[in-house]
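In each ligand, atom 1 is the first atom listed, and ligand 1 is the first ligand listed. Note that this is a predicted model, so its numbers are computed, not measured.
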Amino acid sequence: MKQTTRLINFDSFHQDEGVDQPKTINPPIYRCSTVLFNNFEDLSLASSGKYDGITYGTDRLPAQRAFEEAIRELEGGALTRAFPSGISAITNILLALTRSGDHILVCDNAYSPTAKFCKEILTKYNIETTFIPPASGKEIETYLQNNTKLIFLESPGSNTFEIQDIPAITALAKERDIVTVLDNTWATPLYLDALALGIDVSIQSVTKYISGHSDILMGTATANVKYAEVLKRFYRVLEIYTPEEDCYTALRGLRTLPLRLRQHEQSALEIAHWLETLPIIDQVIHPALPSHPEHHLWKRDFTGSSGIFSFVFKKEYEQEKLAAFINVLQLFGIGYSWGGFKSLITAARYNRSREFKYTGRTVVRLNIGLEEPADLIKDIESGFELLI
Ligand SMILES: *Cc1c(COP(=O)(O)O)cnc(C)c1O
């Protein structure tokens, strides 16, 4: 069965169905701290960790379980857990899979709060991070130390969309029993089969395409068999709570993910191709364009591209001019996050741990929403007129 068909047919929430409960097409949303036990015997079983049912509000209520099960199946993993945001999934996974004295590798184009967490929090627990070049492959071997325990990838990476050679890195990691984690938000499970490429834990910021409507924050982590128990135990002990309403909303978004993603992909490609023809543009940074430096890796490993990409101008404009271009846009919201229905724009100069291709360059990032691409093009054209 195709993934798109499976997405419509997830109904794992009917497993615990009682005779007095209707068989609804969507999962119920429970609001509770206390879950009542039928009798004292069940409570005693729960106290000794042997009770099969749900024991408390933090014990993953039905809408959460339904959503997690859907993601687990899409990612082809052994266990999925939902977190209250994407960054919460990332930071918790980094803590769950490391211990004091460990060394980890993190790609230099990782989402900046991820990098910040490594630099400001993991160091407190004596976990040292080395940032590896954003388009790394098997040559990262030279960064490995005897105590390297984890490799964190994000491919394509935030804002500048470099792609790592995932199979080469996971092969290297497996030989040395190093756990690999991928922030798979850009591609979603539909366009990159992370676990099949050897990744141990795949992370999604559900906030983006999966929920798709810019109205919730959520994240997921999906582990393969080897790391399922660690994730399960860590989540249970920390009693991480992800609101049922949000899990419901995320599951609802998931049903239409393939349709939305296809449209985001098409529209973004149309706009990226158009931008590439303009004399004021130096480079459009989009993995599905043949001009992208790692296009061959994208072609080999991915089955599609999503709707967020960047470009750099030939010229560096002063701040006021750049602001005038951005402020005049009618259809592009100015703001962070992406993957929702509305087109968004950001622009920044990115600092990485070492100089890179775009050091000192203004990188303009476009999140292409569900508007007509022709209207978006007209809008961007009106902005470019202020630059020429
Ligand atoms: C947005 C984002 C995150 C964090 O997700 P939140 O739900 O906003 O915390 C993580 N990784 C990537 C690549 C992102 O774009």
Side-chain angles (χ1 to χ4, degrees), residues 64 67-68 71 75 80-95 106-119 121 131 134-135 152-164 166 180-192 194 199 201-222 240-243 245-247 249-251 253-254 257 261 264 268 285-287 298 302 305-310 333 335-348 350 352 363 365-369:
Q64 178 171 350
F67 174 64
E68 288 174 348
I71 294 289
E75 294 260 36
T80 295
R81 288 292 180 264
F83 294 81
S85 66
I87 192 62
S88 163
I90 291 166
T91 57
N92 278 293
I93 284 299
L94 286 171
L95 288 172
V106 175
C107 61
D108 217 359
N109 52 351
Y111 180 61
S112 63
T114 302
K116 201 168 181 181
F117 177 78
C118 296
K119 287 186 269 199
I121 310 291
F131 291 93
F152 186 98
L153 305 176
E154 183 185 317
S155 188
S158 278
N159 303 311
T160 43
F161 304 96
E162 298 90 345
I163 293 182
Q164 293 117 42
I166 298 171
T180 51
V181 180
L182 174 73
D183 182 336
N184 192 18
T185 304
W186 184 86
T188 84
L190 295 184
Y191 289 168
L192 185 78
I199 292 290
V201 180
S202 173
I203 291 176
Q204 301 289 337
S205 167
V206 173
T207 310
K208 312 292 164 56
Y209 289 116
I210 293 173
S211 70
H213 294 77
S214 307
D215 50 1
I216 60 163
L217 285 109
M218 198 189 295
T220 55
T222 301
I240 292 158
Y241 178 66
T242 309
E245 282 86 351
D246 292 352
C247 292
T249 306
L251 182 62
L254 192 60
L257 176 64
L261 207 52
H264 287 296
I285 315 167
H286 187 311
W298 173 80
F302 294 73
S305 60
S306 58
I308 183 162
F309 66 94
S310 294
Y336 293 119
S337 205
W338 44 278
F341 53 87
K342 184 174 171 57
S343 289
L344 300 170
I345 187 166
T346 63
Y350 295 100
R352 297 279 162 77
V363 177
R365 190 185 79 175
L366 300 179
N367 167 62
I368 302 303

For each nitrogen or oxygen atom of ligand 1, which protein N/O atoms lie closer than 3.5 Å, and how far apart are they, rounded to 0.1 Å?
residue, atom, partner, partner atom, Å
ligand 1, 5 (O), Ser205, OG, 2.8
ligand 1, 7 (O), Gly86, N, 2.7
ligand 1, 7 (O), Ser205, OG, 3.2
ligand 1, 7 (O), Thr207, OG1, 2.5
ligand 1, 9 (O), Gly86, N, 3.2
ligand 1, 9 (O), Ile87, N, 2.9
ligand 1, 11 (N), Asp183, OD2, 2.6
ligand 1, 15 (O), Lys208, NZ, 2.7
ligand 1, 15 (O), Trp338, NE1, 3.1

**Request:** Could I get the full list of salt bridge (charged side-chain N to carboxylate O under 4.0 Å, His left out) partners for Arg352, not counting sequence neighbours?
**Result:**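 Salt bridge (charged side-chain N to carboxylate O under 4.0 Å, His left out) check on Arg352 returns Glu162.
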**Message:** Applying salt bridge (charged side-chain N to carboxylate O under 4.0 Å, His left out), can you list everything that pairs with Glu154, at least two apart in sequence or on another chain?
**Reply:**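 Glu154 satisfies salt bridge (charged side-chain N to carboxylate O under 4.0 Å, His left out) with no other residue.
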**Asked** Hey, what's the ring geometry for Trp186 with His286, parallel, tilted or perpendicular (30° and 60° as the breaks)?
**Response**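 Ring orientation, 0 to 90° scale: perpendicular.
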**Asked** Is the backbone of Gly219 close enough, under 3.5 Å, to the side chain of Ser205 for a donor and an acceptor to pair up by distance?
**Response**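 Checked: no pair found.
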**Prompt:** Are the side chain of Ser306 and the backbone N or O of Ala187 linked by a donor-acceptor pair below 3.5 Å?
**Reply:**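 Checking the backbone N and O of Ala187 against the side chain of Ser306, no donor-acceptor pair under 3.5 Å is found.
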**Prompt:** What residues, two or more places apart in sequence or in another chain, satisfy ring-ring contact (aromatic ring centres under 6.0 Å, His included) together with Tyr209?
**Reply:**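 With neighbours one apart ignored, the set is His264, Trp338.
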